[in-house]
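In what follows, chains are A, B, ... by sequence order, proteins preceding strands, each numbered from 1. As the structure is a prediction and not an experimental result, all values here were calculated from the model.
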Amino acid sequence: MAQQESARVRAEEEPLLSVENLQTAFFTDKETIRAVDGVSFDIRRGETVGIVGESGSGKSVTARSIMGLVDSPGRVLDGSSIRFDGEELTDKTEEQYRGIRGGEIAMVFQDPLTSLNPVYTVGNQIKEALRLHQGLRGAAATEEAIELLEAVGIPDASRRVTEYPHEFSGGMRQRAVIAMALACDPELLICDEPTTALDVTIQAQILELLDELQEERGLAIMFITHDMGVIAEVSDRVNVMYAGEIVESAPVEELFENPRHPYTQGLLRSIPGNQPGSERLETIEGDVPTPNEPATYCRFEPRCPKAFEECTRVHPASVEVNTGVDAEDHSAACLLYPEDVSQAEAVELHEQRNSEREVSER
Amino acid sequence: MSIDPDSEELSLRERVSENPGPAMKWFAGALLLFALEAGAVVNFVTGLFGPGVELPTLLSRDVISNLGYQNPDTGVWQGTFMGLSPAYAWALRVLLIYTYAAVCAWWLWRGYLVFREHYRYADWTPRDDMIDRLRGHRWGQFGAVIVFAFVVMALFAPALGPTTVERTISNPYSYHVEFYNESGQLDNVTVGQANLGARSQGTPDQNVGPMEYDEFGRFHPFGTMPTGKDMFTFMAAGARISLFIGLVSIGVSGLIAVAFALLTAYYKGLIDLAVVIAGDSIMSLPRLLFVMLLTVVLGNHWIGEIYSGGFLLALIFAATGWPFLWRAVRGPAMQVAEQEWIDAAKSFGQRPSVTMRKHMAPYILGYLLVYASMSLGGIIIAVAHISFIPGVMIVLVVTAFNALGDGIRDAIDPQSETGEGEGAEVAAAGGGGA
Amino acid sequence: MSRWRYFAKRVLLSVPVLVFGASITFVVIRAGPLDPVSAILGPQGDPQAYNTIKRQLGLNQPLWQQYVDYMVNLFTLNLGQSWVQQPDTSVYSLVLTYAPRTIWLGFWSVLIALFIGIPLGFYAGLNPNTLSDYTASFGGIVWRAMPNFWLAVILMSVLSQSEKFFFGFDWQSWAYATNVTGPPPLDNLTSFDGFMRALKKIAPAALVLGSASMGNEMRIGRTAVLETVNSNFIETAKAKGVPPRSLVWKHIFRNALIPLVPIITGEAFILIGGSVLVETVFDISGIGYLFFQAVKNGDMPLVGSLMFIFILLVVLINIVQDFLYTIIDPRVGYEGGA
Amino acid sequence: MSEQVQQESVSVATGETLVEVNELKTYYDEGAILDSNPVKAVDGVNFEIKRGETLGLVGESGCGKTTLGRTLIQLESATSGEVLFDGTDVTELSGAELKNWRRNSQMVFQDPESSLNDRMTVGEIIREPLDVHDWNDPKERRARVRELLDVVGLQPEHYYRYPHQFSGGQRQRIGIARALALEPEFVVLDEPVSALDVSVQAQILNLLEDLQDEFGLTYLFIAHDLSVVRHICDRVAVMYLGNVMELGATEEIFQDPKNPYTHSLLSAIPEPDPTSDKERITLRGTPPSPRDPPKGCPFTTRCPMKIRPEKYQNVDPDLWVAIEVFREVLRERSRAEKTLTEQAKELLGMETRFSDIGEIRRELFGDLDVPREVEAHLDRAAEHVKNNEDAEARKVLRDEFGSICDAENPANHVVSDSGRISHCHRHLPEYTEPDEFTPYTER
């Protein structure tokens with residue numbers, strides 16, 4: 001994960017996945033929950049992009065929107081754009097989408113116990129993916145499935161391939177799910193909290209495995225987690241989500257060294273053991289709100305220690321924050337920025353950006 | 001109810017005495033409503049142990065009588081309430097009874113609202129949400145309305161029928177009917193004879209259909225049976241018996257089921273195994289055949305005398321039915337027993353009996369209500385095999401009990417059946433004609 | 001614990017159930033006021049003959065000894081002879097005469113329930129909140145609410161005058177001439193004609209008997225499908241691009257079948273009890289009818305033995321149920337040793 | 001809430017022992033009808049907790065830490081051993097004595113969703129322990145509940161609210177208030193923050209520290225999140241498979257772990273610092289089943305520093321790993337469920353997927369240069385496997401490649417001046433100390 005190198009590559013290459021103003025809302029009788037509200041980010045080949053946030057911040061819905069797996073009453077709203085390898089995914093029919101799912105974008109879910117069908121053997125489920133996207137059947141498929149299991153570090157694979165998911169331990173199960181995701185040699189792997197349900201030593205195994213696989217196969221990985229430690233370890237670039245929006249985005253070292261958004265700052269400071277010398281933990285008072293109306297204000301304002309009057313009135317747009325070398329790569333959605341102008345000017349800039357965005361959406 | 005945070009918690013009685021107004025108003029209304037029917041209650045209670053004590057009751061058949069005869073020349077009815085025709089007199093009585101029942105139900109609801117507004121500290125409880133969900137549940141409401149109508153029919157059976165069971169079914173030859181015969185004379189025959197003349201054979205010349213009079217000037221809202229007895233009276237009496245049997249048997253078996261469910265979920269291990277074996281053994285007896293066997297075997301026992309064997313039947317159903325209910329609530333009971341709040345109660349030394357009653361039972365009772373409602377339908381069917389009620393009504397009532405059960409389940413546990421709710425609601429509203 | 005050890009445990013558990021069930025039956029028929037001697041003698045038997053017969057039947061022995069004899073006989077499958085119903089006929093031969101009709105009836109009613117109820121339920125579950133779902137769900141509820149005997153009477157009267165209701169279609173003469181009522185001809189099942197004839201004869205009764213189970217299976221099937229559709233592994237399958245058809249047939253179907261197993265087998269023993277009414281209405285002298293008569297006549301050994309056979313059947317069905325579980329659901333008996 | 005909280009330290013232990021645990025064992029499923037192989041959740045544990053201190057109990061899921069916590073407050077009954085509370089063995093208590101003792105020790109549960117009965121008001125929930133022990137009169141109880149609400153940072157008007165109306169963090173506060181109602185001396189905190197988001201977690205941890213200072217509480221803090229433990233605990237016990245592997249002062253352990261397991265566990269925690277380049281030991285495989293723990297040291301199947309027999313000291317590390325994996329595979333196979341047909345085939349001496357040993361040998365040893373001596377033993381083991389004699393195969397391998405780690409459960413060695421103990425054979429004088437030993441995988 002050499003950061004300098006990846007930064008250079010970023011500048012040159014077209015992104016593999018480009019998400020632009022993604023909005024996904026759930027329509028219930030009582031309210032409309034804007035689970036993902038105007039999210040934009042890119043993922044380049046061979047890169048790991050982390051998405052971090054607390055529960056309810058919209059991380060998983062973002063992943064499902066990219067996979068085209070948002071079920072009723074949820075819907076990806078018009079004006080959202082997801083471009084994968086130059087193709088627009090939001091226009092695809094269900095059938096066209098199916099060729100991409102599993103074939104070019106694969107996904108690993110949080111809970112390895114429930115994400116495998118309990119009544120079929122692990123081998124059967126891997127072979128299903130092989131048949132769907134590579135047309136492999138019979139002995140050839142079995143052979144390939146065994147090789148995949150070996151590739152994800154499951155010993156005695158030729159026996160394991162005939163076993164049922166419940167006969168696997170948690171870590172092994174997650175390896176099997178990863179093997180299934182890799183079956184069709186995808187270009188992008190979306191990992192939705194793949195290690196949250198696992199113990200640390202097993203988590204370490206899985207992270208190591210993903211790292212190896214990425215290197216071997218040149219995978220792009222979108223890694224969703226709420227654990228700052230994990231994100232620091234795996235990602236090249238980090239997007240911080242809060243209440244359906246990306247509030248800060250930066251290369252990983254830059255973000256941890258120099259967090260600019262008050263939420264990111266609070267998040268990092270509230271990790272126990274991260275502030276040597278201070279006995280009491282810093283906290284963010286209050287709870288994460290449910291985004292159920294269009295944002296005309298800053299959603300973090302009620303919990304923000306740096307909030308000022310305009311925060312309740314102006315929705316912050318994502319702006320570059322000036323921090324030396326990687327300046328062009330670090331952005332945050334906060335009225336405090338840009339720092340080099342006065343606060344009033346900064347607020348004005350945000351207002352202007354919002355109205356521009358509204359115009360372009362029309 | 002707004003409260004001063006420092007005020008002390010009072011018992012309900014103290015809260016009422018502190019602010020007696022609303023409670024007293026409600027209570028006065030309740031007393032008034034009860035007074036209207038006090039005579040019937042006394043009659044029923046005493047009737048369980050012998051001939052019932054007769055007290056004047058407002059909504060009784062004596063006050064609004066539909067028995068009389070029509071003068072063929074003038075067309076005037078004699079003997080009926082205010083000279084109305086028997087059909088209207090009967091309809092008036094039915095209307096009054098149902099109005100009365102509806103008012104009572106509404107008054108109870110009012111009582112709950114009064115309590116909520118004036119005497120409850122919490123401004124929100126989980127129960128409020130349940131009630132809200134039930135109020136938005138069309139399918140459940142359809143069930144509730146039919147069940148309500150059925151229960152009222154059973155409760156007021158003697159007053160609702162155009163005639164009485166005693167007159168037309170039990171002792172038809174001890175009672176007389178007066179009517180003007182073909183020659184225009186006032187004639188007098190026994191009810192039994194009249195019944196013979198009012199038989200429904202399904203042929204146009206020998207049939208008394210719904211909403212028709214027979215030739216003795218008697219009105220039959222649902223027509224007569226092939227024996228000539230009044231169908232409606234018969235049905236209302238059947239409703240009463242089957243509801244009685246159903247409630248008693250479900251009550252008893254529900255009690256057994258809950259007790260066992262709590263014990264087995266709390267203690268697990270050997271007790272659970274023992275109850276499983278006992279329950280499986282009873283379930284392995286073919287139920288209907290076993291009920292028949294028991295009915296025959298115990299038929300002459302003194303217990304068979306109570307409520308003309310109805311009580312016995314109820315007990316038999318309870319004895320053979322509890323394992324089914326127990327099976328149904330065992331799962332939820334086991335689930336509740338796994339909750340950490342049970343451990344918390346153990347950890348500060350709460351007695352097992354209190355833990356079961358306070359922390360487990362409320363969760364099971366909801367489910368019990370659901371299954372009880374549904375199996376009540378089953379018992380009504382089973383009793384109908386053995387005694388009597390016509391088919392269409394059973395289908396309607398059983399469907400309604402199921403609908404009510406669905407409604408309660410969705411109310412207590414909105415996640416229980418994914419995607420149910422709306423679907424069935426619309427279907428029922430359309431198909432059920434509610 | 002392996003699946004098969006779990007299965008063995010279940011089988012073992014059925015032994016006390018059998019013992020306990022038989023004991024309850026004994027208590028009910030022997031300790032109650034049932035009096036077979038009077039039934040044999042008729043109302044005017046003299047006390048002398050009464051006592052003789054009582055001794056002959058072994059009814060003067062202490063109750064515990066009667067109990068031991070009874071249990072030993074049952075468990076050695078020595079089912080004895082009828083006393084009253086058809087004196088001196090062995091229970092075996094009575095069962096052999098009456099049971100096949102009931103089995104034929106039960107078999108078809110289970111099939112009807114299975115092949116109509118489950119597909120309908122699955123269909124409704126896969127298309128939730130559509131018009132067809134509402135129709136099927138509501139139909140299922142109402143269908144389940146219909147009392148068997150009432151349905152039987154209606155069906156019987158409709159079919160016996162079918163030409164009036166179905167524009168001249170006459171059920172009784174259609175394909176094979178049959179009456180609506182009466183026992184099915186089971187003596188010639190191996191030939192196609194004989195088979196069809198027996199099938200047509202039993203069809204109305206089987207339809208009635210299967211009705212309640214059909215409604216149940218439909219509703220449970222619908223719920224099971226809905227629950228499976230919402231589980232994580234379905235999402236995983238979608239994420240790997242599984243098309244809807246194999247999603248349904250491979251991933252949903254088998255999982256949704258698991259909660260249906262106890263329902264299906266559960267229906268089977270409701271049929272055992274329910275058959276007596278249908279048998280009465282359609283005049284099929286089956287085993288339910290035999291039991292009913294035996295109870296009325298106080299025929300102790302026949303009642304006891306029939307009851308034991310029923311219990312045995314139910315226990316067997318339970319074992320079959322556990323066997324099916326063990327087959328369909330690989331997780332059975334597994335407690336996560338790792 | 002409590003302004004007078006002293007900032008000087010987490011808490012100061014008095015040096016007086018409050019809880020002492022001796023050779024404690026808690027097994028499940030004993031005497032089950034067909035299964036006499038119990039889960040050895042806690043398998044011989046010794047430690048003591050000083051008055052006023054926070055002892056952390058860490059370990060991966062299934063290591064027995066929660067069972068241990070529950071046994072300490074008598075929610076589970078111990079199979080053997082003793083739990084001395086102020087000198088009284090509480091495993092022997094029953095009836096009124098037990099109930100009376102329960103006032104002294106309370107528990108805060110993991111899941112704020114499930115630990116509060118949601119049909120009761122917050123007031124009733126917190127009051128229940130007071131009611132059970134007939135604490136003063138009802139009026140004072142209500143006042144006490146309001147006071148407790150205040151102590152844990154909630155409002156008095158929350159008394160008549162229901163748990164539904166609160167967020168996860170607030171619910172956990174209610175659970176803490178309930179635990180404190182009877183003024184216990186000892187509180188078992190069973191993963192109190194693991195279900196909470198980071199920002200809320202910090203609030204609860206601060207609260208717990210404040211309460212300890214205010215009321216002089218003694219905590220047993222159970223957690224799997226090591227950074228939380230490092231923050232809040234004075235001493236830490238690291239558990240693995242029912243055993244305490246290492247026990248000592250928190251900072252000592254975190255800075256300089258002595259036990260190989262602690263070492264691996266700590267190195268596995270991802271640090272929220274992308275620039276850190278700490279070396280990581282990734283453990284192989286998963287912990288064995290607590291129904292069937294290994295015969296020697298509990299950690300032997302995964303230990304990266306396992307002692308080798310003298311003659312194999314210098315074997316190629318990859319080959320050694322392959323041998324260990326091979327043993328693990330055989331071990332795993334003996335646990336796997338065999339179908340009826342497979343059992344039948346075995347009886348008839350036919351091939352099954354279990355007897356296919358060639359594949360796995362190719363997989364493991366295919367690319368390696370296997371010395372003839374090793375090869376010979378592998379051949380012998382493979383022969384046994386082919387004949388469906390798994391136990392023999394395992395014995396052959398254990399005899400040849402095993403060491404003291406496979407044979408004996410290690411003693412608890414005192415490894416520092418502060419009295420830290422570690423459960424590892426490497427502390428014996430004849431072996432290299434774990435912290436001086438470079439794991440085979442790192443060579």
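Only the side chain of D/His133 comes within contact range of chain B, with heavy atoms under 4.5 Å apart. Residue D/Gln155 does not touch chain B at all, counting heavy-atom pairs closer than 4.5 Å. Contacts of D/Asn100 with chain B are absent, with no heavy-atom separation under 4.5 Å from either backbone or side chain. For chain B, the nearby parts of D/Arg119 are the backbone and the side chain; heavy atoms of each come within less than 4.5 Å. Heavy-atom distances place the backbone of D/Leu116, and not its side chain, under 4.5 Å from chain B. Contact annotation for B/Met130: only side-chain heavy atoms (C-beta onward) come within less than 4.5 Å of a heavy atom of chain D. Of the two parts of D/Glu128, the backbone and the side chain both hold a non-hydrogen atom closer than 4.5 Å to a non-hydrogen atom of chain B.
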Exercise for the section: Determine, step by step, whether B/Asp123 and D/Tyr160 satisfy the side chain to side chain contact (heavy atoms under 4.5 Å, CB included) criterion, reporting the C-alpha distance in whole Å, the side-chain angles of both residues, the deciding distance to 0.1 Å, and the verdict. Expected result: CA-CA 8 Å; B/Asp123 48 8; D/Tyr160 293 108; over 6 Å; no
Practice task
Show your working on side chain to side chain contact (heavy atoms under 4.5 Å, CB included) between B/Lys346 and D/Gln74 and close with a plain yes or no.
Solution key: CA-CA 9 Å; B/Lys346 281 184 199 167; D/Gln74 291 298 297; over 6 Å; no
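Atom NZ in D/Lys99 sits 10.5 Å away from atom CZ in B/Phe348 (nearest 0.5 Å).
Residues of residues 329-342 of chain B placed with any heavy atom under 4.5 Å of a heavy atom in chain D are listed by number as B/Gln339, B/Glu340, B/Trp341. Scanning residues 182-193 of chain D against chain B with a 4.5 Å heavy-atom cutoff picks out D/Leu182, ordered by number.
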